[in-house]
Amino acid sequence: MTESNSNALRQERLKKLASLQQQGHSPYPTKFERSHGAQQLQTDFENHTETEQFQELAAVTVCGRITALRRMGGASFLDLRDGSGRIQLYAEKDTLSEQNYELLMEHLDIGDFLGVSGQLFRTKRGELSIDIKNFQFLSKSLLPLPEKWHGLKDTEVRYRQRYLDLISNEETREAFRTRSRIVTAMRTFLDGESFLEVETPVLQPIYGGAAAKPFVTHHNKLDTDLYLRISDELYLKRLIVGGLERVYEIGRDFRNEGLSTKHNPEFTMMECYQAYADYEDMMRLTENMIAFIAQEALGTMEIEFQGHKIDLTPPWPRKTLRDAILEETGIDFLKHPTTETLIQAIKDARLKVTTQKTWGKWVDELLSVYVEPKLISPTFLTDYPVELSPFAKKHDGSDTLTERFEVFAAGFELGNAYSELNDPLDQRERFETEAKIENQGNGEINPLDEDFLTALEHGMPPTGGLGIGIDRLVILLTDRPSIRDVILFPTLRPVKANIQNKDSA
RNA sequence: GGGUCGUUAGCUCAGUGGUAGAGCACCUGGCUUUUAACCAGGGUGUCAUAGGUUCGAUCCCUAUACGACCCA
């Protein structure tokens with residue numbers, strides 16, 4: 001059996017580890033107290049440029065991962081990175097003593113965690129540095145880091161071993177910091193609008209609230225199958241029934257479908273529901289919220305997405321779905337109320353489409369192929385067909401259209417909202433209609449949820465509801481091409497064989 | 001599910017039907033203000049996996065695995 005190179009590199013480090021221990025140094029101590037973060041030092045001493053300015057300062061103590069090492073005989077420079085930033089360390093025989101200098105240099109590898117204390121100074125080239133007086137190994141690394149200049153590019157390794165991506169690529173670190181700021185800003189906004197944050201079940205006896213296939217799991221003691229939720233909708237509405245007038249939830253939904261640059265089987269959704277509001281109110285809420293988030297998380301409402309300049313300043317344009325499809329395809333779906341005439345119109349217009357099974361799916365196809373990709377600037381499309389909107393209230397006097405909108409930006413759907421259907425009898429009919437369509441071989445429907453209907457029968461006030469896909473919002477605001485770039489550990493096919501086998505003799 | 005592309009050293013990548021290359025990393029030596037440090041020396045590899053064609057395959061063919069992108 002050939003000893004692999006990675007194993008050879010590892011053996012080299014294991015030797016250093018053993019040698020450290022032999023000399024009475026623990027390579028994995030429990031705790032370390034620091035006086036400063038790296039970025040704090042850079043900021044606090046920005047204006048200290050003269051050597052004398054540092055002389056009265058006490059020693060500073062920092063800790064972090066060593067990311068670069070420049071050895072020059074009796075003195076060496078080290079880059080130390082912590083969670084906040086980078087600081088240069090200077091190790092010198094004269095300060096450390098020859099013995100300690102050798103101890104450090106003989107055992108240190110790039111990737112190790114180190115705690116140091118020493119005197120701040122500026123080098124000839126003007127870089128703030130710490131002249132090390134004392135040091136302690138905080139964690140010895142056994143495997144080498146990716147290359148320092150090109151970083152880690154292999155997409156598969158970046159996703160499977162995200163920690164390496166985070167260590168290597170600043171853009172990755174920044175994208176996830178921005179994601180966190182986005183979610184925080186969203187909470188700040190909703191809290192400011194008096195919404196109550198709640199948590200509802202992920203494990204549900206009946207799934208619903210969206211058109212999607214669920215994941216199924218099993219509870220042993222109850223001996224019953226449960227579904228991972230595909231949306232939060234039906235539980236949040238129960239809370240509206242219960243008198244919580246404004247609620248929201250930010251949580252994971254699960255849809256048992258394909259993966260793409262815009263789809264991950266588990267994804268994060270924000271849903272909010274507001275009593276006595278309608279979909280017009282939710283439109284205003286949406287544009288104000290996302291503009292606020294952009295301002296908080298990015299400091300601007302003017303963003304760039306894959307080369308397109310996008311202005312998020314409200315108000316955003318509104319357009320009916322009918323007009324949008326009419327403009328792009330010349331087809332007025334309201335004039336073709338049956339599947340047959342709609343298909344004929346699509347044929348006459350010689351549109352490139354994929355065959356669909358129902359009238360609503362055909363409308364949806366026209367939307368996704370001809371309209372959606374063109375909606376780069378944020379746009380509300382309103383008034384969707386009933387068939388596509390089983391939980392939305394019908395327009396007054398219309399049997400065809402609902403008070404619903406979807407909001408689009410960057411060529412994809414960001415969110416979805418309705419004036420919520422609160423007529424329990426109508427809701428029951430919608431479930432039953434869906435079941436009939438399912439019998440025609442549709443595929444994804446909301447199974448009838450008797451418990452939810454009971455809640456509606458107790459009375460739900462007029463309510464506006466909104467769902468925003470957080471991952472997609474982050475895609476938009478961080479200018480990333482793929483949802484995998486904004487989910488720390490995106491779903492990948494599991495590896496069957498071991499990637500590495502490190503336990504060979 | 002279909003198509004295209006990719007998989008070579010720890011990382012980033014070249015390359016060829018005749019026993020494998022660079023830079024970084026690593027190892028040895030030198031160097032007390034460097035910062036992609038530098039100088040001298042060292043290549044550390046199941047060329048994704050399994051078959052096939054061939055005197056000979058990392059390269060050509062087939063299948064498989066994983067990934068990326070496009071289509072469904």
Practice problem: Begin with the C-alpha distance, continue with both residues' side-chain angles, and end with the deciding distance and a verdict on side-chain hydrogen bond (donor to acceptor under 3.5 Å, both in side chains) for Thr320(A) and Asp323(A). | Solution: CA-CA 5 Å; Thr320(A) 63; Asp323(A) 287 349; 3.3 Å; yes
Between the side chains of [Y] and [X], is the shortest nitrogen-to-carboxylate-oxygen separation below 4.0 Å, so that they form an ion pair?
X         : Y         : answer
Asp109(A) : Lys140(A) : yes
Glu387(A) : Lys361(A) : no
Arg158(A) : Asp165(A) : yes

Practice problem: Go through the steps to decide whether Asp471(A) and Arg179(A) satisfy the test salt bridge (Lys or Arg N to Asp or Glu O under 4.0 Å), and finish with yes or no. | Solution: CA-CA 8 Å; Asp471(A) 310 282; Arg179(A) 180 179 176 125; 2.9 Å; yes
Practice problem: Might you confirm whether atom CD of Gln99(A) has over 12 heavy atoms from other residues, nucleotides or ligands at distances under 6.0 Å? | Solution: no
Exercise. Please indicate whether Glu52(A) has more than 12 foreign heavy atoms, meaning atoms of other residues, nucleotides or ligands, lying under 6.0 Å from its CD.
Key: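 Yes, because the 6.0 Å sphere around CD of Glu52(A) holds more than 12 heavy atoms from other groups.
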Self-check item: 5′-ward residue of the pair Val157(A)/Lys16(A) relative to RNA chain B
Solution: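 Its nearest nucleotide being more 5', the pick is Val157(A).
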Self-check item: Along RNA chain B (nearest heavy atom to each residue), the more 5'-positioned of Arg484(A) and Glu106(A)
Solution: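 The residue mapped nearer the 5' terminus is Glu106(A).
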Atom pair distance, as rounded to whole Å: [atom1] in [X] and [atom2] in [N]:
X         : N      : atom1 : atom2 : result
Glu12(A)  : G42(B) : CD    : C1'   : 13 Å
His263(A) : C69(B) : NE2   : C1'   : 16 Å
His150(A) : A36(B) : NE2   : P     : 14 Å
Glu147(A) : U12(B) : CD    : C1'   : 5 Å
Leu145(A) : A36(B) : CG    : C1'   : 16 Å
Leu120(A) : U33(B) : CG    : C1'   : 15 Å
Glu156(A) : C69(B) : CD    : C1'   : 15 Å
Arg493(A) : A48(B) : CZ    : C1'   : 16 Å

Is the backbone of [Y] close enough, under 3.5 Å, to the side chain of [X] for a donor and an acceptor to pair up by distance?
X         : Y         : answer
Thr178(A) : Glu174(A) : yes
Arg472(A) : Glu413(A) : yes
Tyr207(A) : Leu226(A) : no

Quiz prompt | Listed once per pair and sorted, the ring pair (Phe, Tyr, Trp, His ring centres under 6.0 Å) pairs that draw on residues 65-104 of chain A, sequence neighbours left out | solution =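 As it turns out, the ring pair (Phe, Tyr, Trp, His ring centres under 6.0 Å) pairs with a partner in residues 65-104 of chain A, which skip direct neighbours, are Phe77(A)-Tyr90(A), Tyr90(A)-Phe121(A).
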For [X], report the nucleic acid contact type (base, sugar-phosphate, nothing); a contact means any heavy atom under 4.0 Å.
X         : answer
Glu127(A) : base
Lys153(A) : sugar-phosphate
Arg122(A) : nothing
Leu492(A) : sugar-phosphate
Tyr159(A) : sugar-phosphate

Pick the [atom1] atom in [N] and in [M], then give their distance to the nearest Å.
N      : M      : atom1 : answer
G45(B) : A14(B) : C1'   : 15 Å
A48(B) : U8(B)  : C1'   : 10 Å
U58(B) : U54(B) : C1'   : 15 Å
U19(B) : G2(B)  : C1'   : 40 Å
A25(B) : C70(B) : P     : 36 Å
G15(B) : C59(B) : C1'   : 10 Å
C39(B) : C60(B) : C1'   : 45 Å
U34(B) : A22(B) : C1'   : 25 Å

Quiz item: Given Watson-Crick or G-U pairs with both distances under 3.5 Å, what dot-bracket string fits RNA chain B, with | for other-strand pairs and [ ] for crossing?
Solution: (((((((..((((....[..))))((((((.......))))).)...(((((..]....)))))))))))).
Self-check item: Exercise: do Gln356(A) and Asp364(A) side chains pair donor with acceptor under 3.5 Å
Solution: no
Self-check item: Side-chain H-bond candidate by donor/acceptor type, Ser141(A) with Asp112(A), under 3.5 Å
Solution: yes
For nucleotides 70-72 of chain B, which of its nitrogen or oxygen atoms have a protein nitrogen or oxygen under 3.5 Å away, and what is each distance?
none

Polar atom pairs between nucleotides 3-5 of chain B and protein, under 3.5 Å, N or O only, would you list them?
none

N/O (side chain, [X]) to phosphate O (OP1/OP2, [N]) under 4.0 Å:
X         : N      : value
Arg160(A) : G67(B) : yes
Arg70(A)  : U34(B) : no
Lys148(A) : A25(B) : yes
Arg10(A)  : G10(B) : no
Arg125(A) : U34(B) : yes

Practice problem: Give a yes or no on whether the ring-centroid distance for His48(A) and Phe54(A) is below 6.0 angstrom. | Solution: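 Ring centres of Phe54(A) and His48(A) closer than 6.0 Å.
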Exercise. Residues of residues 75-82 of chain A with any non-hydrogen atom less than 4.0 angstrom from an atom of RNA chain B: list those, numerically ordered, please.
Key: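 The answer is Ala75(A), Phe77(A).
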Self-check item: Phe254(A) CZ to Asn264(A) CG distance, which is reported to the nearest 0.5 Å
Solution: 10.5 Å
Quiz item: About how many Å separate NZ of Lys309(A) and CZ of Phe305(A), when rounded to the nearest 0.5 Å?
Solution: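 Spacing of CZ (Phe305(A)) from NZ (Lys309(A)) equals 14.0 Å.
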Quiz item: Which listed nucleotide (U35(B), C26(B), G10(B)) is nearest to the side chain of Pro144(A)?
Solution: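 Selected nucleotide: G10(B).
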Quiz prompt | Asp94(A), nearest nucleotide to its side chain (from U33(B), C11(B), U32(B)) | solution =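 Looking only at heavy atoms from C-beta outward on Asp94(A), the closest nucleotide is U32(B).
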Exercise. Determine which pairs satisfy side-chain hydrogen bond (donor to acceptor under 3.5 Å, both in side chains) with at least one residue from residues 53-68 of chain A, sequence neighbours left out, and list them in order.
Key: none
Quiz prompt | Distance-only donor-acceptor test (3.5 Å): side chain Asp154(A), base U12(B) | solution = no
